[in-house]
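Below: the structure, in structure tokens.
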Amino acid sequence: MDVEYDPEREAFAAMKLAAEADGAERQRWINAALAWIELTRLRVPFGRERGVREEAI
């Protein structure tokens, strides 16, 4: 699956928008950022989805 977005970058952008907003809009942007952060945490590291094996250093 090709991923056209970077969840970490999206979370950062949402937090920037939250810093510029007030009230309920700020809370919505914070919630959006938290969702992007959760996607970042759950995302499979690049290479594993293609069956590439990681080597111990």
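Between Ile37 atom CD1 and Leu42 atom CG the span is 12.0 Å, to the nearest 0.5 Å. A distance of 12.5 Å separates CD of Glu8 from CG of Leu39, quoted to the nearest 0.5 Å.
Partners of Arg9 under the side chain to side chain contact (heavy atoms under 4.5 Å, CB included) rule, at least two apart in sequence or in another chain, are Asp6. Partners of Glu38 by salt bridge (Lys or Arg N to Asp or Glu O under 4.0 Å), not counting sequence neighbours, listed by chain and number: Arg41.
Sorted by first and then second residue, the pairs that involve residues 20-41 and meet ring-ring contact (aromatic ring centres under 6.0 Å, His included), not counting sequence neighbours, are Tyr5-Trp36.
Not one N or O on the side chain of Arg26 forms a donor-acceptor pair closer than 3.5 Å with the backbone of Glu20.
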